[in-house]
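Counting convention: from 1, in listed order, for ligands and their atoms alike. Keep in mind that what you see is a predicted model, and the values were worked out from it rather than measured.
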Amino acid sequence: MKIIMLGAPGAGKGTQAKMISDKYGIPHISTGDIFRANIKNGTELGKKAKTYMDQGLLVPDELVVDLVVDRVAQDDCEKGYVLDGFPRTIPQAEALDAALAKLGSKVDYAVNVEVPDENIITRMSGRRACVSCGATYHIVHIPTKVEGICDRCGAKLILRDDDKPETVKKRLAVYHEQTQPLIDYYTKQNVLVEVDGTKDMEEVFAAICNILGE
Ligand code: AP5
């Protein structure tokens, strides 16, 4: 099952993608997490990506396409995967389709998690991310057992640099301009499904499972 998660920044794509990955036993591939790991490790890719991410801009297509195309060709992706944060532009979607066609494969579901802009800024300012394993929480909606400490691995939680309100506004504008057109793109391919992301995260997950099946 090859799944793409669509939705505005902070819509809950990552939260749902992790749950899908656990339930269906397929890898969760987050381009945002890949970039953050590269920034943390001080790689050349991380240094380049950071200059765009800190401004709320997309990293150029040429820095992300090959990385994902190589990743989905790996053995653990044979049964499927859930892509979170990719594609984000029409050229990225076309590159993915072309790469999948070469592997004799295609996208099965593009899951659009819908959350209005007005809910997003509140969500993002309350989000906390683990510096080590990338797990995400929310200080109100999804609190950790011990404040500031990851339930999963015990590392410290931080507020992401790009979750500050001004940067979030920029990310939303970029989303509407460059990523939202993918909704039409996948509607035309007949693979788009939509869920109400304003519901409680377990309800959102139940709606997704209902679509994907047991
Ligand atoms: P990325 O990390 O992909 O950021 P994003 O798409 O903006 O998405 P987020 O991770 O911010 O949010 P999410 O939808 O995953 O929400 P989450 O589940 O965490 O990318 C970061 C940057 O990297 C980009 O801006 C860009 O610069 C670059 N980049 C990445 N991929 C790229 C690409 N393909 N091309 C170019 N550039 C790229 O949830 C948000 C919060 O809400 C959390 O606190 C969560 O706990 C909480 N929450 C989740 N669900 C619910 C719920 N149902 N109710 C209440 N709270 C909830």
Pairs of nitrogen or oxygen atoms closer than 3.5 Å, one from [X] and one from ligand 1: do any exist?
{"X": "D162", "result": "no"}
{"X": "G56", "result": "no"}
{"X": "D200", "result": "no"}
{"X": "L57", "result": "yes"}
{"X": "H141", "result": "no"}
{"X": "G12", "result": "yes"}
{"X": "V59", "result": "yes"}
{"X": "R128", "result": "no"}
{"X": "Y137", "result": "yes"}

Could you tell me the residue and atom name of the protein heavy atom closest to [atom], and the distance to it rounded to 0.1 Å?
{"atom": "atom 15 (O) of ligand 1", "value": "G14 N, 2.8 Å"}
{"atom": "atom 52 (C) of ligand 1", "value": "R123 NH2, 3.4 Å"}
{"atom": "atom 9 (P) of ligand 1", "value": "R127 NH1, 3.2 Å"}
{"atom": "atom 3 (O) of ligand 1", "value": "R88 NH1, 3.2 Å"}

(message) Using the rule given for salt bridge (charged side-chain N to carboxylate O under 4.0 Å, His left out), can you reason through R128 versus D163, listing the C-alpha separation, both sets of side-chain angles and the distance that settles it, and then say yes or no?
(response) CA-CA 9 Å; R128 295 295 178 270; D163 278 352; over 6 Å; no
(message) Tell me whether E147 at atom CD has more than 12 heavy atoms from other residues, nucleotides or ligands lying less than 6.0 Å away.
(response) no
(request) Flag yes if more than 12 heavy atoms outside K18 fall under 6.0 Å of its NZ atom; otherwise flag no. (result) yes
Yes or no: does [X] have any heavy atom under 4.0 Å from an atom of ligand 1?
{"X": "K199", "result": "yes"}
{"X": "G126", "result": "no"}
{"X": "A8", "result": "yes"}

Donor-acceptor pairs are to be reported for all side-chain atoms of residues 151-161 against protein atoms at under 3.5 Å, with residues two or more places apart or in another chain.
from : atom 1 : to   : atom 2 : distance (Å)
D151 : OD1    : K145 : N      : 2.9
R160 : NE     : D162 : OD1    : 3.0
R160 : NH2    : D162 : OD2    : 3.3

(request) Answer with side chain, backbone, both or neither: which part of R36 has a heavy atom less than 4.0 angstrom from an atom of ligand 1? (result) side chain
